[in-house]
Amino acid sequence: MVGDIGEPRLGLAATDWDRLTAEITHVFHLAAIYDLAVPVALARRVNVEGTGHVLDLCLAAPNLERLTYVSTAYVAGRREGTVYEHELVMGQRFKNHYEATKFQAEVWVHERRDAVPTTILRPAVVVGDSRTGETEKFDGPYYLLRNVSRMTGLGRPVMQFGSSSATFNVVPVDFVVAAIARTAFMEAAVGETLHLVDPDPVTTRALVTALSLAYAGRPPVGRIPPGLVEAALRARPVRDLFGGTPRESIVYLNHPVAFDTRRTVALLGPEDLAPPPFADYVDAMVGFFRAHEHDPRLVPAR
């Protein structure tokens, strides 16, 4: 059924709504606007009001066994240090409207957990399949790859603008999908909030270096201060030079935060279902990008 989570009753006809609420046992809510530069009104309509409408669906479904709500690790906002899975409202500020509205949506989900059996999952930054590299859109860390590609094509050195003291937490989509499927039918996961993150993430400096080596066969040379990069990216020619990188993304490369995973590990087991190290799939990620980097369907509009 095609609907619209921004509308009451998901924009469905009454007969479709009645059939849906009567039959469903599991709801998976992944829909969100995750553009870091999203306008606040659109972010609220999709991320907050949309989640409210999905919660209404769950409350109207007498046979519901589980709501799997996909949040994001970045509801932590600007918090630094270690963030634990049971924490949410900690007086944090946010880097953009995406984070703020996903936080508000998760608050709503928490408030309904007594009436709706729920598992909340918080992925880190998600990239393509760890085996094939396949992805649906070249955003997030792919902006770094686009910058490497642009600099290489122009015969210029790749510059480093990642911090050696900060980590960049990235996980492949196949790990996230497997965790969603597993926890949705795990009785012990009811009421849990789980970080789907790399427990041993790479530093942002190591991330940029690995991408540059995999794509161009050479490491970055020199480093541009992140504040200078963010200010310069306000200009369209500079964004084009950096492969279309949005300035809102630079802060993620220099944010010293770690996400604790003790509940996720306890439920899934580190040997049973865990994300592979970034070094194990960076070649697949870069290989898919190299083969499809000029496909307009995979390039975010700016």
Open item on the list: Please determine whether ring pair (Phe, Tyr, Trp, His ring centres under 6.0 Å) holds for the pair F168 and Y252, giving the CA-CA distance in whole Å, both sets of side-chain angles, and the decisive distance to 0.1 Å.
Closed with: CA-CA 7 Å; F168 189 87; Y252 289 90; 7.6 Å; no
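Using a 30° and 60° split on the angle between ring planes, F259 and Y74 fall in the perpendicular class, above 60°. Ring-plane geometry between Y281 and F278 is classed as perpendicular, the angle between the planes exceeding 60 degrees on a 0 to 90 degree scale with a lower cut at 30.
A donor-acceptor pair is defined here as one N or O able to donate and one able to accept, closer than 3.5 Å; such a pair exists between the side chain of D174 and the backbone of S130.
None of R113, E192, R66 except one satisfies the side-chain hydrogen bond (donor to acceptor under 3.5 Å, both in side chains) rule with T119; the exception is R66. Each of T261, T193, T264 was compared with E85 under the side-chain hydrogen bond (donor to acceptor under 3.5 Å, both in side chains) criterion, and only T264 meets it.
Judged by distance alone, the side chains of N63 and T25 never bring a donor and an acceptor atom under 3.5 Å apart. Between the side chains of D139 and Y34, a donor-acceptor pair is found at a separation under 3.5 Å.
Counted within 6.0 Å of CG on D200, heavy atoms from surrounding residues, nucleotides or ligands total 12 or fewer; the atom is thus considered open.
The residues R297 and E136 are annotated as not salt-bridged, no charged nitrogen and carboxylate oxygen being separated by less than 4.0 angstrom. Ion pairing of E49 with R45 is absent here, as no side-chain N (NZ or NE/NH1/NH2) approaches a carboxylate O to less than 4.0 Å. A salt bridge is absent between K102 and E106; no separation between the charged side-chain nitrogens and carboxylate oxygens falls under 4.0 Å. Between E87 and R79, at least one side-chain N (NZ, or NE/NH1/NH2) sits under 4.0 Å from a carboxylate O, which counts as a salt bridge.
The cationic atom of R290 (NZ for Lys, CZ for Arg) lies less than 6.0 Å from the six-membered ring centre of Y215 and within 45° of the ring axis.
To the nearest 0.5 Å, atom CG of residue L67 and atom SG of residue C58 are 4.5 Å apart.
Counting only residues at least two apart or in different chains, salt bridge (Lys or Arg N to Asp or Glu O under 4.0 Å) contacts with residues 178-188 comprise R182-D272.
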